[in-house]
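This report concerns only the one structure given below.
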Amino acid sequence: VGAVLSSYGWYVLLAVVAVYLLVQKVSRSLAARPSGAAEAAEEPDVVVRRQEALAAARLRMQEELNAQAERYKEKQRQLEEERRRQKIAMWESMQEGKSYKGNLKMNQQEVESGASASAVPKSKPNKKPLRGGGYNPLSGEGGGTCSWRPGRRGPSAGG
């Protein structure tokens, strides 16, 4: 026994101290923790009220979600109806031999003007061309001072 204590004495002492501290910590946590009987002794009417409040909140949230879904469905129905009307108008104009794209643009403008009666149509101002009439990129003239030339190939000359 003396030989074991002399070679492993410090390890045994540290292990005993660690076990002691662990037991102390566990006993404190068990004393501080309320027992299961105390939780069961909680008043039943408080528990029932809490559960009812939770159920009411869930019901409220579900009703909100259902209302949002209905609004979305109604909006989708309206969009689908509008698309159907446009397709019918396009088909009818094609049957009459008219340009259906022009009709479609006219119909969209009518819908927009009907939707916003106070909106004033904007007129486009006369724009100047970006380049002069004599500009030709293939001739090399009229390009201004901008000219790009590739750099020399190979390593730079050093000395």
NZ/NE/NH1/NH2 to OD/OE distance under 4.0 Å, [X] and [Y]:
X: Arg83; Y: Glu80; result: yes
X: Glu82; Y: Arg85; result: yes
X: Glu74; Y: Arg71; result: no

- Query: Do the side chains of Arg84 and Ile88 get nearer than 4.5 Å, heavy atoms only?
  - Reply: yes
Do Tyr11 and Val4 belong together in a cluster built from hydrophobic side chains that touch within less than 4.5 Å?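 Both belong to a single hydrophobic cluster.
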Return yes if a side-chain donor-acceptor contact under 3.5 Å exists between Asn66 and Gln62, otherwise no.
-> yes
- Gln51/Leu54 under side chain to side chain contact (heavy atoms under 4.5 Å, CB included): CA gap, chis, key distance, verdict: CA-CA 5 Å; Gln51 288 177 350; Leu54 187 62; 5.5 Å; no
dist Glu64:CD -> Leu59:CG (nearest 0.5 Å) comes out at 11.0 Å
